[in-house]
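The structure appears right after this line, and notes come after that.
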Amino acid sequence: MHLPPHHFATKTAVELAQELIGCELHSQLGGVHTAGIITETEAYHEDERGCHAYGGKRTKRTEIMFAEGGVAYIYLCYGMHHLFNVVCAQKGRAEAVLIRAIEPIIGTKLMLKRRNHKKVEKNLTAGPARLSQALGITTDLNKISLKPPQIWIEERKTDYIQIDKSPRIGIDYAENDALLPYRFTLRDSIWIT
DNA sequence: TCGACGATGACCT
DNA sequence: GGTCATCGTCGAA
């Protein structure tokens, strides 16, 4: 069963980032279906410096983070990478979870084609820009609601997993907030960065 | 308008 | 380990 958009509105980013580990991220774009198990996430919220909406800053780009949870926040990084986030929390509160890595499970052949790879290996879908490319996610889909048939999340199917915590990647500018344990990874998975 | 700078990844040594 | 591609966003001018 997929998690309905309103589910995300009830969660903080730190809660959701952990809950999403082990869930499945699905995309059905151009009539083709791809999906993977979420193995790595990061939490962001407006009270810490790593967040684009730090201090409640509303700009054209960050406005979607203040929407009610259940929509996608997809933005372009380094001029070429499309990074996918799940907006959560209630309307008016900026919180989101960055999906950083997945383990491919459905449509791996198409993922290989989209990524121009020959072989299924870690760098096919481990990395926030890599998984977006593998699933066909681009900024065109920014702000869409997270429900079938475009992009949605299926609940975790295994009953027990272990989650590790560590500091987030690539946010040195966030000063002391860069040390917060807001990165979550599926223990023993090879599909993490 | 303009310039600085990224929630990165590919490729090279 | 290191280099660099590439462009939207944001704040300063």
Side-chain angles (χ1 to χ4, degrees), chain A residues 8 11-18 20-21 25 36 38-67 69 71-89 93-104 111-144 146 151 153 163-186 190-193:
Chain A
F8 304 106
K11 304 287 179 178
T12 67
V14 172
E15 290 168 347
L16 185 66
Q18 293 169 84
L20 290 183
I21 298 294
L25 176 60
I38 297 170
T39 55
E40 178 176 344
T41 60
E42 286 180 358
Y44 291 85
H45 62 73
E46 64 181 79
D47 297 327
E48 49 83 15
R49 292 180 144 79
C51 182
H52 292 153
Y54 171 61
K57 186 175 70 174
R58 288 176 185 257
T59 66
K60 192 168 183 184
R61 181 176 64 154
T62 66
E63 191 62 33
I64 191 61
M65 292 187 77
F66 293 88
V71 295
Y73 169 39
I74 304 162
Y75 72 96
L76 193 64
C77 185
Y78 294 103
M80 60 189 99
H81 303 302
H82 303 259
L83 270 54
F84 173 75
N85 299 254
V86 177
V87 174
C88 57
R93 170 79 189 169
E95 304 218 9
V97 175
L98 171 68
I99 310 299
R100 288 190 54 86
I102 61 172
E103 172 183 346
M111 293 187 198
L112 288 167
K113 187 178 173 187
R114 283 173 172 154
R115 297 266 303 126
N116 195 25
H117 277 222
K118 293 264 185 280
K119 198 177 156 196
V120 177
E121 53 194 348
K122 175 176 160 177
N123 67 1
L124 181 65
T125 55
R130 290 170 177 154
L131 79 87
S132 293
Q133 189 178 31
L135 295 181
I137 295 172
T138 68
T139 54
D140 294 348
L141 299 164
N142 191 25
K143 306 185 183 184
I144 65 166
L146 295 174
I151 303 176
I153 294 172
I163 297 172
D164 294 312
K165 304 180 187 186
S166 56
R168 293 170 293 179
I169 306 295
I171 54 161
D172 294 344
Y173 58 84
E175 303 170 32
N176 52 318
D177 289 333
L179 301 175
L180 290 168
Y182 279 5
R183 173 172 176 258
F184 303 96
T185 50
L186 179 61
I190 64 160
W191 299 93
I192 61 176
T193 58

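So you know, we letter chains A, B, ... as the sequences are listed, proteins then strands, and number each from 1.
- Heavy-atom nearest nucleotides on DNA chain B were determined for A:Q133 and for A:F84, and the one closer to the 5' end corresponds to A:F84.
- Using cut-offs of 30° and 60° for the angle between ring planes, the A:H81 and A:Y78 rings count as perpendicular.
- You'll find that the side chain of A:L83 is closest to B:dA7, out of B:dA10, B:dA7, C:dT6.
- Across all non-hydrogen atoms, the minimal contact from A:A17 to A:T41 is O-OG1, 2.7 Å.
- Across the protein-nucleic acid pair, A:I74 atom CD1 and B:dT8 atom C1' stand 16 Å apart, rounded to whole Å.
- When heavy atoms are screened at a 4.0 angstrom cut-off, A:G50 is found touching base atoms of the nucleic acid.
- Residue A:L124 is tested with A:K119, A:M111, A:E103, A:R130 for a side chain to side chain contact (heavy atoms under 4.5 Å, CB included); the sole match is A:M111.
- Ring pair A:Y182/A:H45 is tilted by interplanar angle, where 30° to 60° counts as tilted.
- Comparing C:dC7, B:dA10, C:dT9 by their closest approach to the side chain of A:H117 singles out B:dA10.
- The A:P128 side chain lies nearest to B:dG9 when the options are B:dA7, C:dC7, B:dG9.
- Remark: P of B:dT8 and CD1 of A:I192 are 15 Å apart, rounded to the nearest angstrom.
- Pairing each heavy atom of A:T12 with each of A:C88, the nearest pair is C-SG, 3.7 Å.
- Counting to the nearest Å, the P atom of B:dC5 and the CD1 atom of A:I171 are 18 Å from each other.
- Checking B:dA7, B:dA10, C:dT6 against the side-chain heavy atoms of A:Y173 singles out B:dA7 as nearest.
- Remark: ring of A:Y78 does not overlap the six-membered base ring of C:dA5 in a stacked fashion, as centroids less than 5.5 Å apart with planes less than 30° apart are not both met.
- Within the 4.0 Å cut-off from OP1 or OP2 of C:dG8, not a single side-chain nitrogen or oxygen of A:K60 is found.
- Look at CZ on A:R49: it is 15 Å from P on B:dG6, rounded to the nearest Å.
- Looking at heavy-atom distances under 4.0 Å, A:N85 makes contact with a base.
- Among the protein residues, A:R168 comes within range of no part of the nucleic acid, since none of its heavy atoms lies under 4.0 Å from any strand.
- As a whole-Å value, the separation of A:M80 CE from B:dA7 P is 14 Å.
- Counting only heavy atoms from C-beta on, A:Y44 has its side chain closest to B:dA7 among B:dA7, C:dC10, C:dA5.
- Neither OP1 nor OP2 of B:dA7 sits under 4.0 Å from any side-chain N or O of A:Y73.
- For A:R100, no side-chain nitrogen or oxygen approaches OP1 or OP2 of B:dA7 to under 4.0 Å.
- Taking a pair as Watson-Crick or G-U wobble with both distances under 3.5 Å, the runs of three or more consecutive pairs in DNA chain B are B:1-6 with C:7-12, B:8-12 with C:1-5.
- Going from atom NE2 of A:H52 over to atom C1' of B:dT8 covers 12 Å, rounded to whole Å.
- Closest contact between the side chain of A:Y75 and the listed nucleotides C:dG8, B:dA7, B:dA10 involves B:dA7.
- Scanning all heavy atoms of the two residues, the minimum distance from A:F184 to A:A43 falls at CE1-CB, 4.4 Å.
- Residue A:R115 has no polar side-chain atom (N or O) positioned under 4.0 Å from OP1 or OP2 of B:dG9.
- Note: OH (A:Y54) to P (C:dC10) measures 17 Å, nearest angstrom.
- Neither side chain, A:R114 nor A:Q133, offers a donor N or O lying under 3.5 Å from an acceptor on the other.
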* Asked: Could you go step by step and tell me if A:R168 and A:E42 meet the salt bridge (Lys or Arg N to Asp or Glu O under 4.0 Å) rule?
  -> CA-CA 7 Å; A:R168 293 170 293 179; A:E42 286 180 358; 5.3 Å; no
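- Rounded to whole Å, atom P of B:dA7 lies 14 Å from atom CG of A:D177.
- Residue-environment remark: CG (A:N116) stays at or below the threshold of 12 foreign heavy atoms within 6.0 Å.
- Dashed line: the shortest gap from a side-chain N or O of A:H81 to OP1 or OP2 of B:dA7 is not under 4.0 Å.
- Here A:R130 reaches the OP1 or OP2 of B:dA10: one of its side-chain N or O atoms lies under 4.0 Å away.
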